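Below is one structure, written out as structure tokens; the observations come after it.
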Amino acid sequence: MSMALNFTRWGALACVLWLQTQVPTWGNTGTFIDRQQATDLRVVTYNVLWDTIFPDRDATQAAKFARVVNALDPDLLNLQEIGDPFCGCTPKNASDVLNLMNSIAPLPGSSWNVFMGGDNVIVSKYPLSLKRTNTYPVGDKSQAIALVDLPDDQFPTDFYLINNHYKCCGGNGSEEDVRRQKQSDAIVNWLQDARTPGGFVELAPGTPFAVLGDLNTVGGPGPLNTLITGNIFNETTYGRDSPPDWDGSFLTDSQPVHNATGTTDYTWRSGNSRSLLDYVIYSDSALDVGNKFVLNTVSMTSADRTATGLQQRDVTIGNSTTYFDHLPVVVDFRIFEFAPSDFNFSRSADGADLATWQAGYHVLSGATRTTGDADGDGDVDGRDFLIWQQQAGISGPPLSPVPEPGSWVMLIVGEAFIANCRRVRYQ
């Protein structure tokens, strides 16, 4: 009987493991739209053509938008062209977006959270803080900027968003291109401020972030290159060049393609004219990517449309199959949890982090994680070294050889041991 029970238990476990390998995506459509993991954070950016998502402005387009939103099920939806300045009517605002989302895609037991800057709107399943409509110094156009307060029991940290709609039109070197470059310069400067203690904005070290939206990259390569590399053109106003990621490296362009297959990547189309205008650029030190795609319902299979509840022209204007305006861009993020002693955010507590700790050792107050404070108590001491020692090599590749500990290391270990004994004695 015992052997039979054990066989049954192991057989059941084997069945569970086998089933997991047969269902690679998380979701219920069985198509490219599904998240790959339940914990993936879905971020969508979508230029929606000046308030056409509202039933009282365009009932046909509003019905399409509702189907798209419900099929994609975004955690963070970033819209552009809300508040039509050309309609001769009252432009839509953040409250209108909130009411619309609560109507077409209600959240169980809660409400969406909405913040608007310029014609950009962040729509979030989670609370928003650090909300701003401009960087400082300001760029060319207002933005929607916010920190998304993600649930602590699901995510290791929060998520920072900068939602943009860059100036349209104009070729390389045009007045419009100069304005786009100004916007990128301002964002890179703002991200440098966010990574540095003090200033106008301060993020917790290692906070993942994304710069996204309709960047209108119809001129020269400078504005996009600046966002990725941190190469600031106007250093007099916006400071020195600053690689934007936490580890001192470039950001990454997610580069999704239509329906997650092939090479087609345009995000705007009018007839035979096509352009890649909409981007999701992110901090790859803190983020990995699961699924990603540009949604094109016209080129979806009929089976995929049926499974997802979408219709062929849901991303087009009217009855056209070649006039898209902009397409939704979808990226599913996985947030990396850094070891506290990974002081340079390289995804490994290693010799470089030991050197950071050594340089900061005996700083008694005002210390930060980037200067060797692993336990967050404002100083750099032996306890921080012990944390590094426990975590060395765990969050990344094996360590390079490190010299044998000298007398200074032994002294620090002794100091930490004595401090620990004192805590035990007086508890």
Side-chain angles (χ1 to χ4, degrees), residues 19-38 40-49 52-55 57-81 100-101 103-107 123 214 254-280 289-333:
L19 285 170
Q20 287 176 342
T21 66
Q22 305 307 304
V23 187
T25 57
W26 181 84
N28 58 6
T29 73
T31 72
F32 69 87
I33 279 183
D34 294 338
R35 289 171 174 82
Q36 295 173 352
Q37 296 181 10
D40 287 349
L41 183 74
R42 174 154 291 185
V43 177
V44 176
T45 180
Y46 194 9
N47 182 322
V48 295
L49 188 58
T52 57
I53 62 174
F54 297 96
R57 298 296 167 85
D58 190 325
T60 299
Q61 294 304 122
K64 295 179 180 183
F65 177 74
R67 286 192 292 270
V68 168
V69 167
N70 281 282
L72 296 181
D73 184 28
D75 297 304
L76 305 172
L77 174 62
N78 299 269
L79 305 175
Q80 299 88 44
E81 294 197 0
L100 176 68
M101 291 297 294
S103 173
I104 65 174
L107 301 177
V123 186
D214 176 6
S254 56
Q255 297 183 323
V257 296
H258 285 212
N259 301 341
T261 187
T263 59
T264 304
D265 63 356
Y266 66 81
T267 63
W268 175 91
R269 180 176 176 181
S270 178
N272 293 324
S273 299
R274 309 175 184 186
S275 295
L276 172 58
L277 303 181
D278 304 85
Y279 293 81
V280 177
V289 170
N291 198 5
K292 59 180 181 178
F293 56 91
V294 177
L295 180 65
N296 183 349
T297 55
V298 173
S299 61
M300 287 175 70
T301 66
S302 58
D304 280 357
R305 286 196 293 266
T306 298
T308 57
L310 292 167
Q311 298 180 14
Q312 185 182 28
R313 293 175 174 82
D314 275 350
V315 294
T316 70
I317 303 302
N319 291 320
S320 174
T321 58
T322 59
Y323 179 24
F324 289 69
D325 198 56
H326 292 260
L327 295 171
V329 178
V330 181
V331 179
D332 294 340
F333 283 118

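Remember, it's a predicted structure, so these values are computed and weren't measured experimentally.
- With rounding to the nearest 0.5 Å, the separation of OH in Y266 from CZ in F324 is 4.0 Å.
- Put simply, CE on M101 and CZ on F65 are 5.5 Å apart, with the number rounded to the nearest 0.5 Å.
- To the nearest 0.5 Å, the span separating OG1 on T308 from CG on N28 amounts to 10.5 Å.
- In terms of heavy-atom proximity, P256 sits nearest to V294 at O-CG2, 3.8 Å.
- A 4.5 Å side-chain heavy-atom check between S270 and Y323 finds at least one atom pair inside the cut-off.
- For Y279, the side chain to side chain donor-acceptor pair (under 3.5 Å) test picks out T217, with sequence neighbours left out.
- Using a 4.5 Å cut-off on side-chain heavy atoms (C-beta onward), L72 and V330 make contact.
- Annotation for P328 and V44: closest pair CB-CG1, 4.4 Å, computed over non-hydrogen atoms.
- Without hydrogens or angle criteria, T31 side chain to I33 main chain gives a donor-acceptor distance under 3.5 Å.
- Without hydrogens or angle criteria, N70 side chain to I104 main chain gives a donor-acceptor distance under 3.5 Å.
- Contact annotation: the side chain of L310 approaches that of L295 to within less than 4.5 Å [non-hydrogen atoms, C-beta and beyond].
- The closest donor-acceptor contact from the side chain of K64 to the backbone of G318 lies under 3.5 Å.
- Atoms CG and CG, on L277 and D214 in that order, are 5.5 Å from each other to the nearest 0.5 Å.
- Side-chain atoms of N291 and D34, non-hydrogen and from C-beta on, never get closer than 4.5 Å to each other.
- Put simply, the side chain of L79 reaches to within 4.5 Å of the side chain of I53, judged on heavy atoms.
- Here the CG atom belonging to L327 is positioned 9.5 Å from the OG1 atom belonging to T316, to the nearest 0.5 angstrom.
- Annotation: salt bridge (charged side-chain N to carboxylate O under 4.0 Å, His left out) contacts involving residues 300-329, sequence neighbours excluded, comprise R67-D314.
- By the side chain to side chain donor-acceptor pair (under 3.5 Å) test, S299 pairs with N259, N296, sequence neighbours left out.
- A donor-acceptor contact under 3.5 angstrom links the side chains of Q80 and T45, judged on distance only.
- Applying the side chain to side chain contact (heavy atoms under 4.5 Å, CB included) test to D75 and every residue at least two apart in sequence or in another chain returns R35, L41, R42, K125, Y126.
- Using a 4.5 Å heavy-atom threshold, the side chains of Q61 and L49 count as separate.
- Shown here are the side chain to side chain contact (heavy atoms under 4.5 Å, CB included) partners of P55, two or more places apart in sequence or in another chain: A62, L100.
- For residues 268-279, the set of pairs meeting the salt bridge (charged side-chain N to carboxylate O under 4.0 Å, His left out) definition, not counting sequence neighbours, is empty.
- With values rounded to the nearest 0.5 angstrom, K292 atom NZ is found 11.0 Å from D332 atom CG.
- Of the possible donor and acceptor atoms, none in the side chain of T52 sits under 3.5 Å from a partner among the backbone N and O of D58.
- Taking 4.5 Å as the limit, some side-chain heavy atom of F333 sits within range of a side-chain heavy atom of V280.
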